[in-house]
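Some notes on the structure that comes next.
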There are 2 protein chains.
Amino acid sequence: MREKVTINDVARLAGVSKRTVSRVLNESPVVAESSREKVQRIISELGYQPNPQARGLAASRSYLIGLVYDNPDPFFMESVIRGISSVCIEKGYELVIRPSDRTDPNLVDQVINFVSRAQIDGVILPPPISEMDAIAEELEANGVPCVRLAAAQIDEPHRLVISDERSGAKQMTEYLINSGHSRIGYISGPKGLKSTWERREGYLDALRSHDLEVDPDLLIRGAYTFESGVKAGRELLSAPQRPTAIFASNDQMAIGVVNAARELGLTVPADLSVAGFDDHELAAQIIPSLTTIRRPVQLMATLAAQKLIATIDGHHDAASDDCVLNPELVLRDSTAPIS
Amino acid sequence: MREKVTINDVARLAGVSKRTVSRVLNESPVVAESSREKVQRIISELGYQPNPQARGLAASRSYLIGLVYDNPDPFFMESVIRGISSVCIEKGYELVIRPSDRTDPNLVDQVINFVSRAQIDGVILPPPISEMDAIAEELEANGVPCVRLAAAQIDEPHRLVISDERSGAKQMTEYLINSGHSRIGYISGPKGLKSTWERREGYLDALRSHDLEVDPDLLIRGAYTFESGVKAGRELLSAPQRPTAIFASNDQMAIGVVNAARELGLTVPADLSVAGFDDHELAAQIIPSLTTIRRPVQLMATLAAQKLIATIDGHHDAASDDCVLNPELVLRDSTAPIS
DNA sequence: GTGAAAGCGCTAACAG
DNA sequence: CTGTTAGCGCTTTCAC
C-alpha cells in the first residue's frame, strides 16, 4: 500500500492534537474554522485516508454495507449494484455482496451470521428477499439497520423504497384500453410475491375504472419465466373468444407470448398486442420490440443507499421521507391500436 | 450485534493465554493438539467470531477481496460473483464489489484508491478489465495481489484463470465442418479484445487444419452487440455466394443473425446454420435455440478466488498450477448438417 | 474549543 | 510449545 500516513502525521503537521483531526474527520461541529481549514489542507496535501480498520475497531463500525439478494434477473441486480455503489463511493463506504438462496431454511441465520462476522453496518434488501419480514426484523433486532426495495408499502418509509407497481400495471392496462382493446388477457406472476399481487391489482383497477368486465378466463397464472409465458399464451390464444391484447406481468413471459402467437400464425402487433413489465434488456432487442413498464431501478437503489447511510451516520436525511417512485410506460412495437 | 465475546473470554475459559488462542485462530502449526482442541471447543461453545477490524488492524489485512469489473453481460458477472462468493464464505473473506467504467482515463487511479482506502487484500479482475495490464501491474506494485480471468495466457499461471477460447471456437468450427459446411461465415468481436483475437484464431485454426480456403468475404467484424449481428448477418447473407453456416463469436450477435436470416426469408437451421458463443441465458430460450460454446464461468471464478486467497494467506495452493479450463460445445437447434 | 490518555480486539516480537 | 508485552490507527471519555 502506498499510503502509510496516519492521523498522527496529520496532527503533527497541522500543529493540533489528533483529537482535533479526529473531530474534523467526523465532522464534529465544535471545531474552530481555522483549525478545520488547517487540518483539511494537510489532509489533502498528504493524501491522507483514515484507516477503516482502525476507525472500525475504535467506533465499532466497519464502513461496510451489505447487499443480500437472490433475484433471478441479473440486469436488475446490476442496476441495483451500480446505484448503491455510486453513493457508497461518495460517502466512504464499501459494498459487500452476498448472493443467497431464498429457499434455504437457514437463510435468516446466514444473514445474521454474515452481518455479525463482517460487522456490516447496514443492509439493503432487494426483492424477493426484501419481502421476507423475518430477515428485516432479525436484522433490526441485532441493531443492524436495513432498507428494503419493494413493490408496495411493507415497512416504514425510512426503511423502504418502493416503485408503485400497481400504478405501473394500471398505466399499461389503461393504455391498452385507450388503444381500443377490451378483451385484454393477463398473465400474473407466481403466488406469494408482492409484485404478483400489486401488478394484478393494477390490471384490475384499470378494468374496473373503465367499467370493463373482468373475465376470469382471461386471467392466467404464470411463473415469471419464458416457458410459463409460452404456455399461458397458448392457452389464452386458443380460447374460443381470444383476447386482442395480452399483458404479461413480466417481459420474460411477454416474450413467451410472442413466441406462442407466432406458433399459432398470429402476427404481433397486427393480430395481437403484447405488453410486458420490467424493461428487460431483451425487450428492446426482440422483434417486435416490446412495449413494457420500466421501474427506475438504479434510482431506487441510490435512494435506498442514501437512506441507509443516513440512518447509520445518524443524520436525518431529507430523502428519508419520500419512498415511492413511479414506473414509466415504454411504448414500442409490440402493441398497436385495435384495427 | 449479538456477539460480544472476545478472544480474552476464550483464553480465560480455555485456560490458556490469548496468544495461544490467536495461534489456533491462525492455524499456526506449533500448537499442542490438546490446547488446540480445548480452544476449539470453547470457541464453538461460545460461538466466538474474531473481530475482523481488530484482526485487520493488528495484521494489516482486511479479509476483504475486491471485484473490479465492467463487463456488459450481467449473467456472466452473476456467475463470477457466485463463484467467488462461495469460496469467500468458506475461507472467511468478504467480497467487495466495484462496478467501474473501463473507458475512464482515471481507472487505474480509482482502482488503487479503492484498494488503499478499503485496505483490500486482493483483487479479482474479470474481462475486459483483466486485459488492462496497467491495472494488474499497478496493483502488484502496491503489494495487492490480483488474479485475472481471461481468454488467453496474459500473465503468470498463479495470477490467471483462462478458458481457452481459441480451442472453443475451433471446436465449434470443426463441428460445423464435420456437419458438411464449407462456406462458414464468421463474425468477430470488436478490435482490441483478447477474446476477439482468440476466437477468430480458433475459427481460422479449424479452417486451416481441414484445408479449407479462408475467404476474406466471409469474415466480418462485429461489436458483440445484437445490432452488429443483424448488420453483419445481412451483409453475409446478401453476398452472391452466401455461406451455409454463420458462426457469430457471441450469442448476442448470433441472435442478430437469426433475425437477419428471418428478414431475408431464410429458415434456421434448414437454410442456414447459426452458432454463437457464451451460452447466454437467451441462447436456450429463443426459437430456434442456439448452438453455442459455454465457458465454465462459475468454476473459473471459484478457481480465481482460491488462487487469490492462497496467495494472500501465503499458502501454496495446489490449484495455483493449472489455470486453463476448456469451454464446452452445446448443441441445440440452430445448427444442422448440410442437406 | 482543544488535548491527554485509555482503550477497541487482535497479532507478533521476544523471551521462557 | 506457551505466555508477556507492545502496539496497529483511530475514537472517546474527561478535564482543561
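Residue numbers start from 1 in every chain, and the chains themselves are labelled A, B, ... in the order their sequence lines are given, proteins ahead of strands. Because the structure is predicted, anything quoted here is derived from the model rather than measured.
- Below 30°, between 30° and 60°, or above 60°: for A/F75 and B/F75 the angle between ring planes is above 60°, a perpendicular geometry.
- Rounding to whole angstrom units, CG of residue B/L46 and P of C/dG9 are separated by 14 Å.
- Using a distance-only test at 3.5 Å, with no hydrogens or angles considered, a donor-acceptor pair links the side chain of A/K307 to the main chain of A/P157.
- Distances were taken from every side-chain heavy atom of A/R55 (C-beta onward) to each of D/dT2, C/dC10, D/dC10; the shortest belongs to D/dC10.
- Note: CZ (B/R12) to P (C/dC10) measures 13 Å, nearest angstrom.
- In this structure, a donor-acceptor pair under 3.5 Å is present between the side chains of B/Q49 and A/N113.
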Side chain to side chain contact (heavy atoms under 4.5 Å, CB included) between B/V115 and B/N142, worked out:
CA-CA 9 Å; B/V115 299; B/N142 280 268; 5.6 Å; no
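- Nearest to the side chain of B/A58, among C/dC10, C/dG1, D/dT4, sits C/dC10.
- Under 4.0 angstrom from either OP1 or OP2 of D/dG3 there lies at least one side-chain N or O belonging to B/T20.
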One pair to check against side chain to side chain contact (heavy atoms under 4.5 Å, CB included): B/I81 and B/Y69. What are the steps and the verdict?
CA-CA 11 Å; B/I81 290 170; B/Y69 74 97; 5.6 Å; no
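- When distances are taken from the side chain of A/K18 to each of C/dT2, D/dT2, D/dC10, the shortest belongs to D/dC10.
- Under 4.0 angstrom from either OP1 or OP2 of D/dG9 there lies no side-chain N or O belonging to A/N8.
- In the set D/dG9, C/dC10, D/dT12, the nucleotide with an atom closest to the side chain of A/N51 is D/dG9.
- Remark: A/S60 is not in phosphate contact with C/dC8, judged by side-chain N or O atoms under 4.0 Å from OP1 or OP2.
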Before you tell me yes or no, could you show the steps for A/Y93 and A/V87 under side chain to side chain contact (heavy atoms under 4.5 Å, CB included), namely the whole-Å CA-CA distance, both residues' side-chain angles and the distance that decides it to 0.1 Å?
CA-CA 8 Å; A/Y93 282 75; A/V87 356; over 6 Å; no
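- Each end of the helix from C/dG1-D/dC16 to C/dG16-D/dC1 yields a helix axis from five base pairs, and these two axes differ in direction by 30° (to the nearest 10 degrees).
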Using the side chain to side chain contact (heavy atoms under 4.5 Å, CB included) rule, take A/L325 and A/L303 through it: C-alpha gap first, then chi angles, then the decisive distance, then the call.
CA-CA 10 Å; A/L325 298 175; A/L303 245 179; 4.0 Å; yes
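- Contacts of B/V21 with the nucleic acid, taken as non-hydrogen atoms under 4.0 Å apart, are absent.
- Regarding A/I7, its CD1 atom lies at a distance of 14 Å from the C1' atom of C/dT2, rounded to whole Å.
- Within the model, atoms OG of A/S35 and CZ of A/R23 stand 10.0 Å from one another, a figure rounded to the nearest 0.5 Å.
- Here B/S35 reaches the OP1 or OP2 of D/dT2: one of its side-chain N or O atoms lies under 4.0 Å away.
- Note on B/R148 versus B/E131: no salt bridge recorded, every NZ/NE/NH1/NH2 to OD/OE distance being 4.0 Å or above.
- What separates CZ of A/R61 from P of C/dG9 is a distance of 16 Å, to the nearest Å.
- Within the 4.0 Å cut-off from OP1 or OP2 of D/dC10, at least one side-chain nitrogen or oxygen of A/Y48 is found.
- C/dC10 atom C1' lies 12 Å from atom CD of A/Q53, rounded to whole Å.
- Nucleotide D/dT11 holds its P atom 13 Å from the CG atom of A/D121, rounded to whole Å.
- When distances are taken from the side chain of A/S17 to each of D/dC8, C/dC10, C/dA4, the shortest belongs to C/dA4.
- Checked by atom type, the side-chain pair B/R117/A/Y63 shows no donor-acceptor distance below 3.5 Å.
- One can place NZ of A/K38 at 11 Å from C1' of C/dT2, the figure rounded to the nearest angstrom.
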N/O-N/O pairs, protein side and nucleotides 13-16 of chain C side, under 3.5 Å:
residue	atom	partner	partner atom	Å
C/dA13	N6	B/R19	NE	3.1

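- Candidate nucleotides C/dG1, D/dT11, D/dC8 were compared by shortest atom distance to the side chain of B/L57, and D/dC8 ranks first.
- Here the nucleotide nearest the side chain of A/V16, chosen from C/dG7, D/dT2, C/dG3, is C/dG3.
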